Protein chains: 2
Amino acid sequence: MNGNKKMNTSEKIMMAAIDLMAEHGYNGVSTQEIATRAGFSEKTLFRHFQSKQNLLESAFNRYHYAEEMKDLFLKKIVWDLQKDLLMVCRSYHRIMYQNRKLIKISTKVGDSLPGFRERTHQHPQQLKEFLTGYFEEMYKKGKIIETDFESNAKAFLYMNFGAAMGRMNNDPIFAGTPIDSFIEASVSIFTRALRP
Amino acid sequence: MNGNKKMNTSEKIMMAAIDLMAEHGYNGVSTQEIATRAGFSEKTLFRHFQSKQNLLESAFNRYHYAEEMKDLFLKKIVWDLQKDLLMVCRSYHRIMYQNRKLIKISTKVGDSLPGFRERTHQHPQQLKEFLTGYFEEMYKKGKIIETDFESNAKAFLYMNFGAAMGRMNNDPIFAGTPIDSFIEASVSIFTRALRP
DNA sequence: TAGAAATGTCAGTGGTTACTGACATCACTG
DNA sequence: CAGTGATGTCAGTAACCACTGACATTTCTA
């Protein structure tokens with residue numbers, strides 16, 4: 001999302017807005033502060049974006065990474081429980097980490113501004129359906145035991161969702177341990193629980 | 001947290017503040033709106049609380065349920081994996097649900113106001129240590145297999161944390177299914193994964 | 001180097017916000 | 001009934017905020 005040194009004025013302002021709003025919320029930061037952080041005058045901000053709300057919307061359109069996880073996963077499946085779950089976890093956390101600041105903004109904004117929450121929280125539903133279908137298919141292939149596939153999918157997703165939230169909010173539980181070791185441990189719990 | 005009909009002025013105002021701030025955040029609601037929602041004039045709000053920030057702090061002191069989960073769990077342990085994990089989950093979700101509005105406020109406030117985040121998010125660290133110790137003891141008793149106990153504790157807690165967050169934010173995944181059936185399914189995953 | 005485009009400066013507008021003081025009203029209670 | 005305490009009314013203050021217009025200055029580029 002960042003790291004690029006060659007940013008134009010609009011991009012610098014959007015990045016400043018994202019950084020500040022992720023920390024203090026939409027109403028917790030002023031256009032003056034955003035412009036100063038970006039290194040421009042407030043006037044320039046309004047010349048580029050007309051309004052504060054439009055600035056946030058533009059930032060979402062520019063930086064929200066909305067790759068279809070379902071499609072991504074279908075391509076990479078190899079029908080090996082451990083390999084597939086690892087792949088799903090890693091992709092999920094990668095995307096959540098890329099979008100972490102926009103996700104923080106949308107959780108703080110809530111439903112005050114319309115549409116943002118929907119965009120950052122669109123994945124869970126389709127992921128749950130994907131994983132439920134995956135477990136059903138794996139059962140038909142005789143590779144896992146019969147369980148409540150939908151509940152398992154929910155548990156797996158919430159485990160990763162909770163971990164992603166903890167990571168983006170600097171949960172002290174994550175201090176020191178990289179995300180990948182958590183992913184491996186959490187996947188092995190499910191493989192042990194579901195193996196025939 | 002609510003439901004009591006015999007509330008005095010201060011309590012009515014604090015409840016109104018909690019309701020509105022949980023939805024729109026601290027900066028997203030005015031003292032005027034809070035007073036109107038509570039059925040009083042803005043002047044009365046300031047007579048009782050002096051400042052907006054003090055109102056929020058008073059509401060936290062009055063309504064934040066900070067029971068020591070660790071102590072609670074230690075009393076109820078029976079050293080049966082399924083029974084203990086069920087007890088932990090149910091207690092955890094009960095407390096998270098009681099505090100849900102204050103938790104929503106503190107996630108929106110972030111670190112802008114000092115101290116709130118710490119209070120609503122104090123549990124994870126001590127719960128992780130409790131669960132890690134519990135798994136070690138269960139291993140010594142020969143009731144579960146040897147694994148990375150701390151990682152298992154993290155995974156278990158994040159699964160429940162994610163589910164609690166989803167529930168308090170009306171995640172459509174939870175629509176229709178009660179929390180208890182999720183708890184049972186998630187616990188049985190861990191019991192199957194850890195049984196010798 | 002001339003002209004165009006981007007940006008800065010600055011003063012200002014209309015609205016909101018947290019918060020106050022003075023005074024009136026109401027309910028209860030001894 | 002007198003008096004006390006809680007509340008309402010209302011006008012107001014100082015700060016902040018999103019946003020604008022006029023004009024000057026800088027920067028880029030043909």
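Quantities reported herein were computed from a predicted structural model and do not represent experimental measurements. Throughout, protein chains are lettered first and strands after them, A, B, ... in sequence-line order, and every chain is numbered starting at 1.
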Cation over ring face, A/Arg100 and A/Tyr97, 6.0 Å, 45°:
yes

To the nearest angstrom, how far is B/Lys12 atom NZ from D/dA6 atom C1'?
13 Å

Any residue meeting side chain to side chain contact (heavy atoms under 4.5 Å, CB included) with A/Leu157, in chain and number order, not counting sequence neighbours:
A/Leu127, A/Lys128, A/Leu131

Reading nucleotides 13-30 of chain D from 5' to 3' and marking B where a protein heavy atom lies under 4.0 Å of the base, S where only the sugar-phosphate is that close, and - otherwise, the string is ----SSBBB---------

Please state how far atom CD1 in B/Ile13 lies from atom P in C/dC19, giving the value in whole angstrom units.
14 Å

Same cluster for B/Tyr65 and B/Met21 if Ile/Leu/Val/Met/Phe/Trp/Tyr side chains link at under 4.5 Å?
no

Whole angstroms only, please: what is the CD1-C1' distance between B/Ile34 and C/dT17?
12 Å

Applying ring pair (Phe, Tyr, Trp, His ring centres under 6.0 Å), run through A/Phe73 and A/Tyr92 and close with a yes or a no.
CA-CA 10 Å; A/Phe73 295 158; A/Tyr92 177 81; 8.4 Å; no

Considering just the side-chain nitrogens and oxygens of B/His48, establish if one lies under 4.0 Å of OP1 or OP2 belonging to D/dT7.
yes

Is it possible for you to say whether B/Ile105 and B/Met165 belong to one hydrophobic cluster, with membership spreading through side-chain heavy-atom contacts below 4.5 Å?
no

Scan B/Thr44 against the nucleic acid and name what it touches under 4.0 Å (heavy atoms): base, sugar-phosphate only, or nothing.
sugar-phosphate

Whole-Å distance between C/dT7 P and A/Phe49 CZ?
11 Å

When the ring centroid of A/Tyr158 is compared with that of B/Phe174, is the distance short of 6.0 Å?
yes

